[in-house]
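First comes the structure, then the notes that go with it.
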Amino acid sequence: MPLSLLAFDLGAESGRAIAGQFNGRHLTLTETHRFANTPVRLPHEFHWNILGLWSEILQGIVSTAELVGEPLAGIGLDTWGVDFALLDDQGHLVGNPYHYRDGRTDGMMTRAFEIVPRTEIFQQTGIQFMQINSLYQLLSLVETGSPALETARTFLMIPDLLNYWLCGVQTCEFSNATTTQCYDPQQRDWAYPLLSSLGIPESIFPAISHPGTVLGPLAHSVSEMTGVGSIPVIAPACHDTGSAVAAVPAASDHYAWISSGTWSIVGVNVKEPVISDLALRYNLTNEGGVHGDFRLSKNVMGLWLVQECRRTWANEGRSLGYDELTRMAAEAAPLQSIIDPDVDEFLKPGDMPARIREFCAQTGQPVPQDEGAVIRCALDSIALKYRWVVEHLEAVVRYRLETVHIVGGGTRNELLSQLTADCLERPVVTGPVEATAIGNLLAQAIALGQLASWDEAREVVIDSFPVKTFEPQPDSADWDSAYERLGNLIAAVPLITTQGEKS
């Protein structure tokens, strides 16, 4: 009989419940529930609506159970990284979890470097410097004397909090814990000396569990609320990128991958963390994978730029779909203006078209006027930043990355995929779109003994889901000249980026 599994995949823009039917060879997916992930803005704060997300998860369990019509063999959950919740000594939530784009981390990296040198932080954590990291969120609580930190007894990442509510187990899953910049990948434990130096209480950090851990059965109260039985709650790679990369259908080892969505994460898989002077210089990161291995990678401000442009225009009364915006961008002149997607101006919500135009004006470039030109500027610039990251990864791993695999929702933007192939001058293979949910479901299948290894799981991906290849077009635009312009911007613009380095 086919195995019925449920994956929850929560991204920064939306969440989905996806049922997976696995017959031992093929995996089929059915989306059973979709919901918006709408943050909550207060006058001076920016939060996730965690209680709303919890309600949607309960509804997703109900909807899936009704659709599948048979007992579920497992439930797994993944989300974005860096954000967390604090619990008191009775296991109750201490305040509403903050959104990583909240302004409380402004200036916190500089403050951290005054206490612990930047090089030492990297030596202890191997993580890229971004002001959104959990480390700087926690430091902001220390610096402001937050009562929440004084009350806290347990630190849980967002998926760990939801897993705790599902089954009552308090633990931090490995792949998501590594995103915090509070974890030491060489010691395979929390970076206690660093936490102590910054005044962050070490006692709040729980034990770490690994991808594929069966956390426990669904809590009785949750079973009652949803009308389902005692289903095992299984931790996949709870960081969505970790699950997505696990589902890359690569046929060889020398490839780069891009997990494309609100953020783009560009990287390669390595067996051990790469904590070197060159990795620090390029501000690369080492995040945990499903094998206990690591993803050497770098964040790029991805389709967030397009999402915020679309939201801004919708607020002005111009409702434009993503397909329409992509069509308009395809018709716009290429490479007229270039931005560095990763400067601070583009991190927080706001009038993104105005910010892109202002950046172009300040750097002496043509200012994109209409919607198509603005989106083309963003997509061209994302492709160029992909090339920058891939070339710097090659310098660190010392081999050529022959192919680029793009997975995730961003693969729906075929214009960006073609631009990436043209810019990098190498084949780009896209798919599967639902890579994160697939990686989540396959981790559950392995945990339940239905697959023996991730090598077998990769064969399931190859057999079950189509991919599309984009070959570089020989007569495309002058990408080399544009790439040189991007390099000049990165070297010249005197701003601290979200990566914590001068750009």
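- Under a 3.5 Å cut-off, the side chain of Gln365 and the backbone N or O of Phe359 do not form any donor-acceptor pair.
- Judged by distance alone, the side chain of Glu56 and the main-chain N or O of Phe35 form no donor-acceptor pair under 3.5 Å.
- Once rounded to the nearest 0.5 Å, the distance linking OG1 of Thr436 with CG of Asp240 reads 5.5 Å.
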Asp106 and Lys348: CA distance, side-chain angles, deciding distance, salt bridge (charged side-chain N to carboxylate O under 4.0 Å, His left out) verdict: CA-CA 11 Å; Asp106 291 349; Lys348 296 176 183 176; 2.8 Å; yes
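- Taking the ring centre of Tyr322 as origin, the terminal cationic atom of Arg310 falls inside the region bounded by 6.0 Å and 45° from the ring axis.
- A salt bridge does not link Arg357 with Asp351: none of the charged nitrogens is closer than 4.0 Å to a carboxylate oxygen.
- Side-chain N or O atoms of Ser134 include one that pairs as donor or acceptor with a backbone N or O of Val82 at under 3.5 Å.
- No side-chain donor-acceptor contact under 3.5 Å links Asn37 to the backbone of Gly15.
- Under the 3.5 Å distance criterion, with hydrogens and angles disregarded, a donor-acceptor pair is assigned to the side chains of Glu358 and Gln362.
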Derivation and outcome, side-chain hydrogen bond (donor to acceptor under 3.5 Å, both in side chains), residues Gln137 and Asp83: CA-CA 8 Å; Gln137 296 192 46; Asp83 286 329; 2.9 Å; yes
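- With hydrogens and angles disregarded, no donor-acceptor distance shorter than 3.5 Å links the side chain of Asn133 to the backbone of Leu135.
- Ring planes of Trp80 and Trp48: tilted class, angle from 30 to 60°.
- Contact check on Arg16 versus Glu434 returns a salt bridge, with a Lys/Arg side-chain nitrogen under 4.0 Å from an Asp/Glu carboxylate oxygen.
- The aromatic rings of Phe129 and Phe122 sit tilted, their planes meeting at an angle between 30° and 60°.
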Verdict with supporting geometry, Ser264 and Tyr386, side-chain hydrogen bond (donor to acceptor under 3.5 Å, both in side chains): CA-CA 9 Å; Ser264 288; Tyr386 287 170; 2.7 Å; yes
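- One side chain, Glu391 or Tyr483, offers a donor N or O that lies under 3.5 Å from an acceptor on the other.
- At distances below 3.5 Å, at least one donor-acceptor pair connects side-chain atoms of Thr178 with backbone N or O atoms of Ser175.
- Looking only at side-chain heavy atoms (C-beta outward), Val461 and Val248 stay at 4.5 Å or farther from each other.
- Relative orientation of the Phe205 and Phe155 rings is tilted, given thresholds of 30° and 60° on the angle between their planes.
- Heavy-atom minimum distance, Gly288 versus Phe174: CA-CE2, 3.4 Å.
- Across all non-hydrogen atoms, the minimal contact from Pro427 to Glu402 is CD-O, 3.7 Å.
- To the nearest 0.5 Å, atoms CG (Asp102) and OG (Ser140) are separated by 8.0 Å.
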From CA spacing to verdict: ring-ring contact (aromatic ring centres under 6.0 Å, His included), Trp257, His405: CA-CA 5 Å; Trp257 50 259; His405 282 264; over 10 Å; no
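- For the pair Glu308 and Arg355, the salt-bridge criterion is not met [side-chain N within less than 4.0 Å of a carboxylate O].
- Summarising the geometry of Leu416 relative to Ala383, their closest heavy-atom pair is CD1-N, 4.2 Å, with the distance given to 0.1 Å.
- Between Ile356 and Val367 there is no side-chain heavy-atom pair separated by less than 4.5 Å.
- At a threshold of 4.0 Å, the pair Asp478-Arg485 does not count as salt-bridged, since none of the basic side-chain nitrogens sits closer than that to a carboxylate oxygen.
- Applying the 6.0 Å contact sphere to CG of Asp323 captures no more than 12 heavy atoms from other residues, nucleotides or ligands.
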Criterion salt bridge (charged side-chain N to carboxylate O under 4.0 Å, His left out) on Arg426 and Glu394, from CA distance to verdict: CA-CA 14 Å; Arg426 63 195 87 191; Glu394 288 176 328; 2.8 Å; yes
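- Aromatic ring pairs are classed by plane angle as parallel below 30°, tilted from 30° to 60° and perpendicular above 60°; the pair Trp388 and Tyr282 is perpendicular.
- By the 4.0 Å N-to-carboxylate-O rule, Lys271 lies too far from Asp293 to be salt-bridged with it.
- Of the N and O atoms on the side chains of Glu484 and Asn488, not one donor lies less than 3.5 Å from an acceptor on the other residue.
- To the nearest 0.5 Å, the span separating OH on Tyr255 from OG1 on Thr403 amounts to 10.5 Å.
- At a threshold of 4.5 Å between non-hydrogen side-chain atoms, the residues Leu296 and Thr285 do not count as touching.
- Side-chain contact between Met157 and Thr179 is present, with heavy atoms from C-beta onward closer than 4.5 Å.
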Derivation and outcome, side-chain contact (heavy atoms from CB on, under 4.5 Å), residues Tyr183 and Ile208: CA-CA 10 Å; Tyr183 179 85; Ile208 296 170; 3.2 Å; yes
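- Judged by distance alone, with hydrogens and angles left aside, the side-chain atoms of Thr180 form a donor-acceptor pair with the main-chain N or O of Ala177 at under 3.5 Å.
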From CA spacing to verdict: salt bridge (charged side-chain N to carboxylate O under 4.0 Å, His left out), Glu45, Arg104: CA-CA 8 Å; Glu45 299 170 9; Arg104 65 180 178 159; over 6 Å; no
Worked verdict on Leu194 versus Cys182 for side-chain contact (heavy atoms from CB on, under 4.5 Å): CA-CA 8 Å; Leu194 173 62; Cys182 300; over 6 Å; no
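- Looking only at side-chain heavy atoms (C-beta outward), Leu442 and Arg458 stay at 4.5 Å or farther from each other.
- Interatomic distance, Trp263 CH2 to Thr241 OG1, rounded to the nearest 0.5 Å: 11.0 Å.
- Judged by the 6.0 Å distance and 45° axis criteria, Arg101 is not positioned over the aromatic ring of Phe46.
- Within the 4.5 Å cutoff, no side-chain heavy atoms of Cys309 are placed close to those of Thr312.
- Evaluation of the salt bridge (Lys or Arg N to Asp or Glu O under 4.0 Å) rule for Glu471 yields no partner, not counting sequence neighbours.
- Inter-residue side-chain proximity for Lys298 and Asn283 is flagged as met; some heavy-atom pair is nearer than 4.5 Å.
- Nearest heavy atoms, His239 versus Glu173: N-OE1, 3.9 Å.
- Under the 4.5 Å side-chain criterion, counting only non-hydrogen atoms from C-beta, Gln131 is in contact with Asp344.
- Without hydrogens or angle criteria, Ser337 side chain to Pro366 main chain gives a donor-acceptor distance under 3.5 Å.
- Note: Thr326 OG1 to Arg412 CZ = 12.0 Å, rounded to the nearest 0.5 Å.
- Here CZ of Phe346 is found 12.5 Å from CH2 of Trp304. Values are rounded to the nearest 0.5 Å.
- Between the side chain of Arg118 and the backbone N or O of Phe113, no donor-acceptor pair lies under 3.5 Å.
- Considering all non-hydrogen atoms of both residues, Pro97 and Ala85 come closest at CG-CB, 4.0 Å.
- Here the closest non-hydrogen pair linking Pro334 and Arg376 is CB-NH2, 3.1 Å.
- With respect to Arg295 and Glu287, a salt bridge is recorded, a charged nitrogen being found less than 4.0 Å from a carboxylate O.
- Asn176 places a side-chain N or O within 3.5 Å of a backbone atom of Cys238 that can act as its donor or acceptor partner.
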